[in-house]
Amino acid sequence: GENVEQHPSTLSVQEGDSAVIKCTYSDSASNYFPWYKQELGKGPQLIIDIRSNVGEKKDQRIAVTLNKTAKHFSLHITETQPEDSAVYFCAARGQAGTALIFGKGTTLSVSS
Amino acid sequence: EAGVVQSPRYKIIEKKQPVAFWCNPISGHNTLYWYRQNLGQGPELLIRYENEEAVDDSQLPKDRFSAERLKGVDSTLKIQPAELGDSAVYLCASSLSSATNEKLFFGSGTQLSVL
């Protein structure tokens with residue numbers, strides 16, 4: 001089955017800097033890759049997603065890139081703000097109808 | 001529009017006691033998931049429903065866990081008897097359809113502490 005590795009486990013940046021979180025997946029059939037943000041005491045919230053027929057997707061300060069050949073995808077946050085501080089999870093899904101497999105999460109801390 | 005609603009938010013029980021969690025998905029969402037999230041880890045799937053049918057329960061510890069989704073709307077997850085290792089956050093999520101729409105929406109979860 002699918003296995004998702006996420007790095008780093010913690011990331012500290014200064015406000016205004018960029019943050020990059022990387023994930024690798026094992027199942028070459030995976031075709032959907034979402035990113036979730038989880039704040040303390042809340043459930044994960046979808047922030048951006050990408051499908052395997054697209055190499056990059058951007059939404060304001062966040063972007064995701066996908067390299068199908070290398071089986072890795074990354075989350076990029078530019079101009080970080082203190083409210084970006086949270087735990088971020090990547091996930092991957094294989095064939096349609098199968099469940100999302102999540103990475104172990106990255107705790108992002110943005111200091112002002 | 002209301003999101004995924006879960007109750008209770010917190011539950012503290014003694015080991016060997018039973019416990020139940022309730023989930024009300026977003027209206028119109030056919031697919032419902034129960035995930036377990038251990039401290040410092042990502043969510044792990046326990047069971048997935050398409051309407052009232054459990055289509056993936058391979059990760060559900062069936063000796064002590066059970067779930068139901070009567071009428072294809074609300075769902076209940078039960079543990080009986082609870083063990084110390086069951087302490088975790090139990091998350092419910094829903095989507096329009098797992099086959100055609102992958103976007104999952106999560107509830108706030110139930111934090112279970114087994115003493």
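Letters go in sequence order (proteins before strands), and every chain restarts at 1.
- Placement of Tyr90(B) and Leu40(A) in two distinct hydrophobic clusters is found when ILVMFWY residues are connected by side-chain heavy-atom separations under 4.5 Å, directly or transitively.
- The structure places CZ of Phe102(A) at 5.0 Å from OH of Tyr35(B), a figure rounded to the nearest 0.5 Å.
- Put simply, the side chain of Leu104(B) reaches to within 4.5 Å of the side chain of Leu100(A), judged on heavy atoms.
- Here the closest non-hydrogen pair linking Gly43(A) and Leu91(B) is CA-CD2, 4.1 Å.
- Here the CZ atom belonging to Phe105(B) is positioned 9.5 Å from the CD atom belonging to Gln45(A), to the nearest 0.5 angstrom.
- Under the 4.5 Å side-chain heavy-atom criterion for ILVMFWY residues, no single connected hydrophobic cluster contains both Ile101(A) and Tyr32(A).
- Using a 4.5 Å cut-off between non-hydrogen atoms, no part of residues 72-80 of chain B approaches chain A.
- When heavy atoms are compared at a cutoff of 4.5 Å, Gln6(A) does not approach chain B at all.
- A heavy-atom distance below 4.5 Å is not found between the side chains of Phe89(A) and Gln41(B).
- If you measure heavy-atom distances from Glu44(B) to chain A, you find no contacts under 4.5 Å at all.
- Surrounding NZ of Lys104(A) are at most 12 heavy atoms belonging to other residues, nucleotides or ligands under 6.0 Å away.
- Here Ile12(B) sits in one hydrophobic cluster together with Leu115(B); the rule is ILVMFWY side chains under 4.5 Å apart, joined directly or through other members.
- Looking at residues two or more places apart in sequence or on another chain, you find no salt bridge (Lys or Arg N to Asp or Glu O under 4.0 Å) involving Glu79(A).
- For Trp35(A), the ring-ring contact (aromatic ring centres under 6.0 Å, His included) partners two or more places apart in sequence, or in a different chain, are Phe73(A).
- Counting heavy-atom neighbours within 6.0 Å of Glu2(A) CD, excluding the residue itself, gives a total above 12.
- Pro44(A) touches chain B through backbone and side chain together, each having a heavy atom under 4.5 Å away.
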